[in-house]
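Before any comments, here is the structure.
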Amino acid sequence: MAWRETTDPYRIFVSEVMLQQTQVERVKSKYPGFISRFPDFASLAAAETADILDEWQGLGYNRRALALRGAAQEVMERFSGQLPGEVRDLESLPGIGHATASSIAAFAFNRPTVFIETNIRRVFIHFFFRDEDGISDAEILPLVEMTVDRKHPREFYWGIMDYGTMLKKRYPNPNRRSASYSRQSRFEGSDRQVRGRILRILLETGVSEPGALYAGAGVDPEKGKQILERLKKEGFVREEGGNYRIT
């Protein structure tokens, strides 16, 4: 994992956003190219939407890509190009919630923050809640706070996360007993899949009329129009003379 071999706050920041709702193996394949194309906050802040989405293809949840650029722009404008180390400041950036802000502070600045992600949750449920169901994160957080290594939080969380990955392979997933557990919705035929197809077509063609987009994405015109309008509203695409292109 290249993001574990650096202390560069920018590179760690990018990896933590990529890892939101995305498997590690997929991030490992996309991360090097993204960093090569956008090596720092300045280059990412100035990047065109099409260029960012081109590198982001395969990671899913394309809104994260635009939020990542928005965060880079705010780092440049509000923090003179230097990523802040305080959780409160990190939370103020687009697309960064409390857990992600805390993880960035831990990995980029070695701060002993307290947070939960899926592998951390799995470890604590496995060891402390073996005969219980419906365990809330509020029950787990005090245990994380009690056990975090305050001198070496970066290594502590790496170890916990790796242990959680191992547990998933050896035991029935303890996270199924979490109050926050829910199965991921079916991707095949979903709006997410259609959105991704439309954006991929526009990245390849540059510009396209709606009918071709609907046909290429395999969606009926009524549903396709709704999705295209959402993409337009969210700032992914723009309309020019009845045709569409990436903004």
Side-chain angles (χ1 to χ4, degrees), residues 1 3-4 9 12-28 31 59-65 67-68 70-71 83-187 190 192:
M1 302 179 193
W3 52 89
R4 290 192 182 181
I12 293 169
F13 182 85
V14 169
S15 73
E16 287 300 303
V17 174
M18 284 187 169
L19 287 164
Q20 294 173 344
Q21 300 174 287
T22 306
Q23 295 178 344
V24 170
E25 290 304 313
R26 189 176 298 176
V27 174
K28 286 170 69 174
Y31 177 82
L59 288 172
Y61 300 98
N62 289 295
R63 292 186 189 91
R64 289 181 300 154
L68 184 59
L83 186 69
E86 296 296 329
V87 171
R88 181 173 58 183
D89 291 331
L90 291 165
E91 280 185 287
S92 72
L93 299 174
I96 305 300
H98 181 74
T100 301
S102 298
S103 67
I104 292 168
F107 295 130
F109 302 102
N110 209 34
R111 302 281 178 87
T113 56
V114 177
F115 65 94
I116 295 177
E117 57 83 65
T118 185
N119 284 305
I120 296 171
R121 183 181 295 113
R122 186 178 294 121
V123 170
F124 279 85
I125 290 177
H126 176 77
F127 281 104
F128 295 99
F129 302 92
R130 292 196 176 191
D131 300 317
E132 299 180 41
D133 290 311
I135 303 108
S136 69
D137 285 355
E139 296 175 89
I140 299 172
L141 276 169
L143 298 173
V144 178
E145 186 168 13
M146 290 169 63
T147 54
V148 64
D149 185 333
R150 298 191 174 277
K151 290 185 178 180
H152 309 285
R154 183 185 287 125
E155 289 78 8
F156 169 82
Y157 280 119
W158 284 345
I160 291 290
M161 290 176 175
D162 289 350
Y163 199 91
T165 300
M166 181 275 293
L167 283 177
K168 186 177 181 180
K169 296 176 181 178
R170 293 192 180 185
Y171 300 93
N173 187 3
N175 278 346
R176 293 177 181 174
R177 295 187 282 112
S178 166
S180 61
Y181 178 77
S182 63
R183 292 183 178 276
Q184 189 173 34
S185 59
R186 181 181 176 88
F187 179 70
S190 67
R192 280 178 52 219

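Side chains are part of it too, since the values below use all heavy atoms of this structure and drop only hydrogens, waters and symmetry mates. The first residue in the sequence is number 1, and the count goes up from there. This is a predicted model, so every value here is computed, not measured.
In plain terms, the two heavy atoms of V87 and A105 that are nearest each other are CG2-CB, 4.0 Å. Between E86 and R111, the closest heavy-atom pair is OE2-NH1, 3.2 Å. Between A71 and P94 the shortest heavy-atom distance is CA-CD, 3.6 Å.
Taking Y31 as the reference, W3 meet the ring-ring contact (aromatic ring centres under 6.0 Å, His included) condition, with sequence neighbours excluded. Taking F115 as the reference, Y157 meet the ring-ring contact (aromatic ring centres under 6.0 Å, His included) condition, with sequence neighbours excluded. Taking the side chain to side chain donor-acceptor pair (under 3.5 Å) definition, one finds that T113 meets it with nothing, sequence neighbours left out.
With contacts defined as side-chain heavy-atom distances shorter than 4.5 Å, the pair L83/I104 qualifies. Side-chain atoms of L59 and R64, non-hydrogen and from C-beta on, do get closer than 4.5 Å to each other. Side-chain contact between F124 and T147 is present, with at least one heavy-atom pair separated by less than 4.5 Å. Taking the side chain as every heavy atom from C-beta outward, I160 and N119 never approach each other to under 4.5 Å.
For the residue pair Q20/T100, the side-chain donor-acceptor check at 3.5 Å is satisfied.
For CZ of R150, the number of neighbouring non-hydrogen atoms (other residues, nucleotides, ligands) closer than 6.0 Å is greater than 12. Remark: E132 CD is packed, more than 12 non-hydrogen atoms of other residues, nucleotides or ligands lying under 6.0 Å away.
With rounding to the nearest 0.5 Å, the separation of CD in E139 from CZ in F129 is 5.0 Å.
Taking a cutoff of 4.0 Å between a charged side-chain nitrogen and a carboxylate oxygen, E91 and R88 do not qualify as a salt bridge.
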Check your understanding: So F128 and I135, side-chain contact (heavy atoms from CB on, under 4.5 Å) or not? Walk me through it.
Key -> CA-CA 10 Å; F128 295 99; I135 303 108; over 6 Å; no
